[in-house]
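Computed from a predicted model, the values in this text were never measured in an experiment.
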Amino acid sequence: EDQGMSRIIARAEAVAGAESWGTAQVRVSGLPEGKWLWYRFTAPDGTMSMVGRTKTLPTGKLGALKLGVFSCSNRPFGHFNAYAHGAVRDDLDAVIHLGDYIYEYQMGSYPETVMPGREILPVDEILMIDDYRQRYASYRTDPGLQAIHARFPMIAIWDDHEFANDTWKGGAQNHQDDEGVWSLRRDAALKAHREWLMSPEVPWHRYDFGNLVSVMTLDTRQSGRDKQLDLNAALKAGPEGIKAFAGGEWQNPARTLLGTEQEAWFASEVAASVKSGQRWQLIAQQVVMGDIMTPKNALEFLAPNADARAQGYVKGGIAAAQAGIPGAQDMWSGYPQARRRLLKAMADAGADPIVIAGDSHNAWAFNHSLDGKAVAAEFGVHSVTSPGYESALAADPALIRDALLQSSPGMQWCDTSRRGYLTLSFNAAETRCDWVFMDTIKTVSMATSAPQAAVVKHGKRKMTLA
């Protein structure tokens, strides 16, 4: 019950050996509810680990809750200042990681130039169980990441890069035939993730924080996702190809991001959360739910010397947007009927949902409606280090934001050029989102730049900037 470990209330044993690559996990029951507790590991020879801190879930009436939210930490791109900044805060109850905790690429590919001191192991692309384990171990040498794990309990879900880029249930964009059997690689990645980041056996799960918030985690990646559609092929076919895409498989109601089992679970649990009196439902999942439509003038955002590939990508996005198709088919926008079902489940339950998303590296705010009725607010968290639009676009981020807001219905705000994290503050009356922007990732620094905030009033189901 104290950091000095003088009042011990529970003990347990675990084995840290070759079977788990030296990781050890302990599940302890019977702990007091809603309390900060401290823990450490003691080896048979008496060697002791550093002391960590955690907090148990509260029950009953809860007046306030504050969570930190992180996503997309590519070590070679820069320093994990966002983790370090979050770790010294005194106002968080827990943190949520929305995935891309590690990246699978070989060193020197993404990014091509590794920041000195931010090297990773193994140096090759990770494929086998020990590759994934070593990559996690390599990341966990970072002092900021160590600090946030030592200070707060973390709800961690995976995205694609814990497996391979653009994962779906039967493979991934970054998995080729000469890299082995996909199911073996997937299972290796799952095992390593669960060794380093404790999680339930079933990835969709509900955590109730008193009577205030139900946190509902989803798996939009490898459990039930159908393969992403090839928008590029439709674009190459010209106007007829785009027309066929818009009215064809893209709108097929059978296509799913979650799978039928998880969709049914969500509909049941969101209704149960409302029925049990939970004030808010926080939907913690990986990919952006709102539509991001490429602005008509997006070519102006490119640098004068932009290569043909960049120009072609933007031109394709403009053509798709003119047909009402978002360019990012890996997000919920690539599965519009599945998204509609999810929103309908929230609306039918009478929920007060807040959706959070990672994956895109940029910060977003959306309001979602269904048949003209407000359903949910969405907050997208920017990355810890992975690059956003600023890596490809030369224009002033404010001009890019204005163009995106004009072209994208539902979008309320965005920041496409800065790194960091966000916090969510809940009480009975409102939820407040605060985006925290780190001043740099090029050096170790706790400095931040101008923040942004948004508020959702209970019962309104839409956000406004604060």
Side-chain angles (χ1 to χ4, degrees), residues 3 23 36 38-40 49-55 66-103 111 114-121 135-157 159 161-162 196-198 284 356 358-363 379-388 390-391 415 417-425 433-453:
Q3 191 171 3
T23 61
W36 288 108
W38 288 260
Y39 63 92
R40 69 185 174 200
S49 72
M50 64 184 294
V51 174
R53 188 183 73 156
T54 191
K55 193 174 188 180
K66 192 164 189 174
L67 304 172
V69 182
F70 299 82
S71 178
C72 302
S73 47
N74 187 319
R75 179 183 167 96
F77 268 108
H79 295 278
F80 291 166
N81 293 330
Y83 290 141
H85 189 273
V88 298
R89 298 181 68 130
D90 291 323
D91 59 345
L92 299 180
D93 295 288
V95 297
I96 298 174
H97 201 292
L98 297 178
D100 292 347
Y101 184 99
I102 62 167
Y103 282 71
V114 176
M115 183 174 289
R118 304 301 290 170
E119 295 80 10
I120 51 173
L121 292 172
R135 186 62 57 87
Y136 278 101
S138 177
Y139 271 56
R140 287 287 275 270
T141 62
D142 181 88
L145 184 54
Q146 288 183 8
I148 203 158
H149 275 292
R151 188 158 175 81
F152 300 110
M154 177 183 287
I155 297 172
I157 61 176
D159 195 11
H161 290 291
E162 285 86 351
W196 284 92
L197 298 163
M198 290 185 72
I356 51 175
D359 183 63
S360 76
H361 307 175
N362 301 297
F379 300 126
V381 64
H382 43 311
S383 66
V384 173
T385 58
S386 303
E390 82 282 359
S391 65
D415 186 291
S417 66
R418 294 184 289 172
R419 317 277 63 84
Y421 66 104
L422 65 78
T423 65
L424 295 171
S425 303
C433 174
D434 286 276
W435 288 273
V436 179
F437 296 102
M438 305 311 299
D439 194 54
T440 184
I441 60 170
K442 295 180 180 179
T443 60
V444 175
S445 172
M446 300 287 269
T448 59
S449 56
Q452 179 62 57

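- Between His79 and Met115, the closest side-chain pair of non-hydrogen atoms falls below 4.5 Å.
- No side-chain N or O of Thr23 forms a donor-acceptor pair with one of Tyr136 less than 3.5 Å apart.
- Interatomic distance, Glu162 CD to Ile157 CD1, rounded to the nearest 0.5 Å: 9.0 Å.
- Here the side chains of Trp435 and Asp415 are not in contact, with every heavy-atom distance at 4.5 Å or above.
- Contact annotation: the side chain of Leu197 approaches that of His149 to within less than 4.5 Å [non-hydrogen atoms, C-beta and beyond].
- A side-chain donor from one of Arg419 and Ser383 sits under 3.5 Å from a side-chain acceptor of the other.
- In this structure, the side chain of Arg53 engages the main chain of Arg151 through a donor-acceptor pair within 3.5 Å.
- Side chain of Gln146 to backbone of Gly144: no donor-acceptor contact under 3.5 angstrom is found.
- Between the Asp359 side chain and the Leu98 main chain, no donor and acceptor come within less than 3.5 Å of each other.
- Put simply, the side chain of Thr141 reaches to within 4.5 Å of the side chain of Arg75, judged on heavy atoms.
- Within the 4.5 Å cutoff, no side-chain heavy atoms of His382 are placed close to those of Asn362.
- Remark: side-chain polar atoms of Asp100 are not paired, donor with acceptor, to backbone N or O of Ser71 under 3.5 angstrom.
- Stacking of Arg118 on the aromatic ring of Phe80 is recorded, both the 6.0 Å distance cut-off and the 45° axial limit being met.
- Side-chain atoms of Ser73 and His97, non-hydrogen and from C-beta on, do get closer than 4.5 Å to each other.
- In this structure a side-chain-to-backbone donor-acceptor pair under 3.5 Å is missing from Thr443 to Ser445.
- Contact of the Ile120 side chain with the Tyr139 side chain is registered, since non-hydrogen atoms from C-beta on lie closer than 4.5 Å.
- Side-chain N or O atoms of Asp93 include one that pairs as donor or acceptor with a backbone N or O of Lys66 at under 3.5 Å.
- Counted by atom type alone, Tyr101 and Arg135 present zero donor-acceptor pairs between their side chains at under 3.5 Å.
- With Arg418 contributing its side chain and Ala450 its backbone, the two residues share a donor-acceptor pair below 3.5 Å.
- A heavy-atom distance below 4.5 Å is found between the side chains of Val436 and His85.
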